[in-house]
Amino acid sequence: MFEAEQQLITQRIMAYCSQQGLPVPVLQWTWIPFSGQWGISTSFFQIAADEARREGKKVNIPVRAQEIAQTIALFLGTPAGFERIEAVRGYLNLYFSTAEYTRRVIDTVLDQKEAFGRAHRRNERVMVEFSQPNTHKAFHVGHLRSAILGDVLCRILDSAGYDVVRTNYPGDIGLHVIKWLWNYMNYHKGERPEKDITHWMGDIYAEASRRLEENPEREAEVRALYARWDRRDPEVVSMWQETRQWSLDGFNAMYDLLDIHFDRYYFNSMVEHPGKEVVDELISKGIAIDGRPDEPVIVKIDELLGLKQEKYRVLVVLRSDNTALYATEDLALAKLKFNDYPDLVKSLYVVDVRQSLHFQQVFKTLEIAGYTWADRCQHIPYELVNLPGNVVMASREGTVVLLEDLIREATQRALEVVEQKNPELSSEQKLAIARAVGIGSIKYPMLSRDNTKTVTFDWQAALDFNGQASPYIQYAYVRAGSILRKAGNAVPGSRLPEFPLSPVEIELIDTISRVPNEILRAAEDYRPLNLANLAYDLARVFNDFYNQCPVLQADEPVRAVRLRLVAAARFTIGNVLGLLGITAPQAM
RNA sequence: GCCCCUGUAGCGCAAUGGACAGAGCACCUGCCUUCUAAGCAGAUGGUUGUGGGUUCGAAUCCCACCAGGGGCGCCA
């Protein structure tokens, strides 16, 4: 928020250095550590080191850096907008003139409100594919990470100024679907899901797996059914369409609960045949080697690239019996996306880390085939959600926590707390709060650790609403709203705080002012974690403020400034929660 | 055999190459007649897996090793 001042000072320092014959620095500004004061900081170690190297002298770098910092502090005096300047241990610290900057930060937030933190539009389109659930199967907590991560990535990219296409890619065909249909036709014909659709669909699939495991000889029936599907037997196709829709309805109900939405659906079944066309193209271009009917169609990527060490290895693009693989379909899907949106600057795939090699192979193959957009495809890998003891969630093993069960439990637990704390609210209000808290508690742990780290799910931790968790942040938001309500929701007009601010007030304003940059950083690195941390920092600092600085009881002009600060903090926390896909409730 | 990820407090995690590695959970001691205690204050807790290197400066970058997880021709 202070780029203009920063740039001005950078220029003055650079001019001074070149005038004095010092190496011209590339200055990197950071905030000053050790809270309680507020400003920007840069160091001069690099200049001192460059100078020593240039002159071939052996000097004590920290001492020389401090000398330079001191001379520059003297040269700068106290620049406009700053209260104090100091040279400390090789660092130059510039402290903001608190009153002026406080007013600026608060005014900016209250002026922009819900838009605070959002960057200007870039007119650049990004596609994010995420979630990719399999129809005819259960949706468990392990599937949740892609959905939550992808959704939040979309929110962050949107806020950073990109036009985002939210894309889902359900696995609506494949052996799992045929197995399901086989079981349904033989044992459940005519049944329809009543409630908990996804749960019910998952049960029928699990039952199918069990039956086939107990009676392996019946696999032949499944193969026969797959053949009927391949012939597009009308009875099979219509049953597939109907049952597939049940799954999609079930997913939509869950996406609604989770506040996750899509602009565009690509289905696995859509790219089966186009995939085979891409394979033909690869063969005719001499990229793929056709070993059919005894061997599959393969692309020897390392060989094509002339790599000595194996890196991309060999990609199988079509089975020897002409049936499609994931790779077949992903080749076509990538093409389809750029066909539909030729202006994509990025085509992102939020898929678990085990498929890293697969995506590298697919993207590299497309590049070799001459598709210039191939380098705009990028896999965003994330680690799995496991159960304690490093147990992988797998429907077959029965080691799953179903999303529906988790949502129900978390909401129920939150409802108990609301009942106790706010018995006077209507049951609708209570349920809405319980939903917000319960869903937030499910989402936050998936966002507050790095994408590359495994999340271990356990019920106790998932239902613990204390500490660094979503309810803590939501509660800070509610408290801020509560103060404003008691003040009659009347936020005073802009003013300069002409009295000393307390350290917690300064820290709160400081943290608020960092939001716009943190959003850009999160978007650049595809890392929601930055914002999950920032949301918590905001809440923690606000709670400090809440406990130390009375607002309603304060005398003017302190009261007016604090009311404005509370309003600004509330918008900021609400906005960051929004980026995390977490609802900010009005009461708790 | 080749490649990727992870290793930080008892536990699970955080930390733009920068100043003193930080919060949470658990444990202990306090704080509700005061803007909601889903909160706050205080106490305990560290050779950042090991050994080298680069750098003025390394948890962070490079190399080697150790430990755990994952991926490597017709699974998805």
Side-chain angles (χ1 to χ4, degrees), chain A residues 28 30 32-34 41-50 52-53 59-65 88-91 93 132 134 171 174-176 268 291-292 295-300 309-321 323 325-327 352-358 360-361 381 383-384 386 390 414 417-418 420-422 437 445 448-450 452-456 458 460-461 464-472 474-476 478-480 482-487 517 521 525 529-530 532-533 536-537 540 543-544 546-554 562 566 587-588:
Chain A
Q28 299 208 330
T30 61
I32 306 172
F34 326 126
S41 171
T42 192
S43 70
F44 294 94
F45 300 108
Q46 195 59 58
I47 299 187
D50 288 348
R53 199 172 300 120
V59 296
N60 185 325
I61 302 284
V63 169
R64 177 63 185 139
V88 178
R89 303 166 68 182
Y91 291 85
N93 295 335
Q132 307 106 340
N134 278 331
L175 192 56
H176 69 280
N268 195 245
R292 289 172 295 178
E295 295 289 317
V297 183
I298 59 171
V299 179
K300 293 186 167 177
Q309 214 184 7
E310 49 184 0
K311 182 171 181 192
Y312 298 101
R313 298 164 185 272
V314 173
L315 178 64
V316 179
V317 292
L318 194 67
R319 286 200 190 88
S320 52
D321 67 358
T323 55
L325 293 150
Y326 247 41
D352 84 76
V353 68
R354 300 182 186 204
Q355 297 189 36
S356 292
L357 177 61
H358 165 80
Q360 280 189 54
Q361 291 176 322
E383 260 294 353
L384 301 182
N386 283 347
N390 209 21
V417 182
V418 184
Q420 191 190 328
K421 293 180 61 79
N422 292 298
V437 171
S448 62
R449 61 214 345 83
D450 229 320
T452 52
K453 275 194 167 128
T454 308
V455 171
T456 303
D458 79 275
Q460 207 191 335
D464 185 358
F465 297 151
N466 296 314
Q468 181 165 2
S470 166
Y472 179 92
Q474 293 168 308
Y475 187 58
V478 166
R479 280 178 149 182
S482 183
I483 292 174
L484 296 173
R485 202 176 315 113
K486 294 223 158 131
N517 272 333
R521 204 157 68 87
D525 299 341
L529 168 64
N530 291 340
N533 284 342
Y536 177 72
D537 284 343
R540 191 172 43 74
N543 275 329
D544 281 350
Y546 182 93
N547 281 288
Q548 291 179 41
C549 302
V551 178
L552 300 176
Q553 260 80 46
R562 285 188 178 164
V566 169
M588 273 174 78

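Not measured: the values here are computed from a predicted model. Naming: A, B, ... by sequence-line order, numbering from 1 per chain.
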Student: How many Å lie between CG on Asp450(A) and C1' on G7(B), as a whole number?
Tutor: 14 Å

Student: Within the pair Arg53(A) and C56(B), is there a side-chain N or O less than 4.0 Å away from OP1 or OP2?
Tutor: yes

Student: Arg449(A) has a side chain; which of G18(B), G12(B), C35(B) sits nearest to it?
Tutor: G12(B)

Student: If the sugar-phosphate is the primed atoms plus P, OP1 and OP2 and the base is the rest, what is the B/S/- string for nucleotides 69-76 of chain B, using protein heavy atoms under 4.0 Å?
Tutor: SSBBBBSB

Student: Using a cut-off of strictly less than 4.0 Å, decide whether Arg64(A) has a side-chain nitrogen or oxygen near OP1 or OP2 of C56(B).
Tutor: no

Student: Give a yes/no answer on whether the side chain of Asn543(A) brings an N or O atom under 4.0 Å of OP1 or OP2 in G39(B).
Tutor: no

Student: With a non-hydrogen cut-off below 4.0 angstrom, is Gln46(A) in contact with a base, only sugar-phosphate, or nothing?
Tutor: base

Student: Where the side chain of Gln553(A) is concerned, which of U34(B), A23(B), U55(B) is the nearest nucleotide?
Tutor: U34(B)

Student: A9(B) pairs with which nucleotide, Watson-Crick or G-U wobble, both distances below 3.5 Å?
Tutor: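 Per the H-bond distance test, none.
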
Student: Should the heavy atoms of other residues, nucleotides or ligands under 6.0 Å from CD of Gln28(A) be counted, would the total exceed 12?
Tutor: no

Student: Please classify the nucleic acid contact of Val437(A) as base, sugar-phosphate, or nothing, using heavy-atom distances under 4.0 Å.
Tutor: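 Answer is base: heavy atoms of Val437(A) come under 4.0 Å of a base.
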
Student: Just checking, any donor-acceptor pair under 3.5 angstrom between side chains of Gln460(A) and Asp464(A)?
Tutor: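 Result is no, nothing qualifies.
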
Student: Any Lys/Arg nitrogen of Asp450(A) or Lys453(A) sitting under 4.0 Å from an Asp/Glu carboxylate oxygen of the other?
Tutor: no

Student: With sugar-phosphate meaning primed atoms plus P, OP1 and OP2, does Asn268(A) contact a base, only sugar-phosphate, or nothing at under 4.0 Å between heavy atoms?
Tutor: nothing

Student: On a whole-Å scale, what distance lies between the C1' atoms belonging to G30(B) and C65(B)?
Tutor: 49 Å

Student: Could you check if a side-chain atom of Pro381(A) sits within less than 4.5 angstrom of a side-chain atom of Arg354(A), using non-hydrogen atoms only?
Tutor: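 No. Closest side-chain heavy atoms not under 4.5 Å.
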
Student: Can you check whether Tyr536(A) has a side-chain N or O nearer than 4.0 Å to OP1 or OP2 of A15(B)?
Tutor: no

Student: Would you indicate what Arg485(A) reaches in the nucleic acid, counting non-hydrogen atoms under 4.0 angstrom: base, sugar-phosphate, or nothing?
Tutor: nothing

Student: Which of the following nucleotides, U16(B), A15(B), C25(B), is nearest to the side chain of Asn466(A)?
Tutor: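 Output: C25(B).
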
Student: Could you check whether Thr454(A) and Asn386(A), counting side-chain N and O atoms only, form a donor-acceptor pair closer than 3.5 Å?
Tutor: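 No pair is found: no donor N or O on one side chain lies under 3.5 Å from an acceptor on the other.
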
Student: Do the side-chain N or O atoms of Thr452(A) get closer than 4.0 angstrom to the phosphate oxygens (OP1, OP2) of U6(B)?
Tutor: yes

Student: Which base, if any, makes a Watson-Crick or G-U wobble pair with C20(B), both distances under 3.5 Å?
Tutor: none

Student: Whole angstrom is fine here: how far is it from CD1 in Ile61(A) over to P in U55(B)?
Tutor: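 Taking atom P of U55(B) as the reference, CD1 of Ile61(A) is at 12 Å.
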
Student: Look through every strand shown and name the nucleotide pairing with C65(B) as Watson-Crick or G-U wobble, where both distances are under 3.5 Å.
Tutor: G49(B)

Student: Nearest nucleotide by nearest heavy atom, which residue falls closer to the 5' end of RNA chain B, Thr42(A) or Ala469(A)?
Tutor: Thr42(A)

Student: Can you tell which of G57(B), C40(B), C35(B) lies closest to the side chain of Asn547(A)?
Tutor: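 Nearest nucleotide to the side chain: C40(B).
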
Student: Counting distance alone, no hydrogens or angles: does the base of A19(B) have a donor or acceptor under 3.5 Å from a partner atom on the side chain of Ser41(A)?
Tutor: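 Such a pair exists between side chain and base.
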
Student: What's Tyr472(A) touching, base or sugar-phosphate or nothing? Going by heavy atoms closer than 4.0 Å.
Tutor: sugar-phosphate

Student: Can you tell me the distance, in whole Å, between the CG atom of Asp544(A) and the C1' atom of A37(B)?
Tutor: 15 Å

Student: Given atom CG of Asp537(A) and atom C1' of G24(B), what is their separation to the nearest angstrom?
Tutor: 12 Å

Student: Over how many whole Å does the gap from Asn422(A) atom CG to A37(B) atom P extend?
Tutor: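 My rounded result for the distance is 12 Å.
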
Student: If G39(B) has a Watson-Crick or G-U wobble mate with both distances under 3.5 Å, name it; if not, just say none.
Tutor: C31(B)

Student: OP1 or OP2 of G7(B) less than 4.0 angstrom from a side-chain nitrogen or oxygen of Lys453(A), does that happen here?
Tutor: yes

Student: Are Leu325(A) and Val316(A) side-chain neighbours, meaning at least one heavy-atom pair lies under 4.5 Å?
Tutor: yes

Student: Base, sugar-phosphate or nothing for Val297(A)? Non-hydrogen atoms, less than 4.0 Å.
Tutor: nothing

Student: For the residue pair Asn543(A) and Tyr472(A), establish whether any side-chain heavy-atom pair is separated by less than 4.5 Å.
Tutor: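 A side-chain contact exists here, since the closest heavy-atom pair is under 4.5 Å.
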
Student: Measure CD/Gln468(A) against C1'/C11(B) and give the value in whole Å, please.
Tutor: 15 Å

Student: Quick check: do Arg292(A) and Val297(A) have side-chain heavy atoms less than 4.5 Å from each other?
Tutor: yes

Student: Can a donor-acceptor pair under 3.5 Å be found between the side-chain atoms of Asn530(A) and the base atoms of A14(B)?
Tutor: no

Student: Report yes if the distance between the aromatic ring centroids of Phe44(A) and Tyr91(A) is under 6.0 Å, otherwise no.
Tutor: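 No.
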
Student: In whole angstrom, what separates Arg540(A)'s CZ from A14(B)'s P?
Tutor: 16 Å

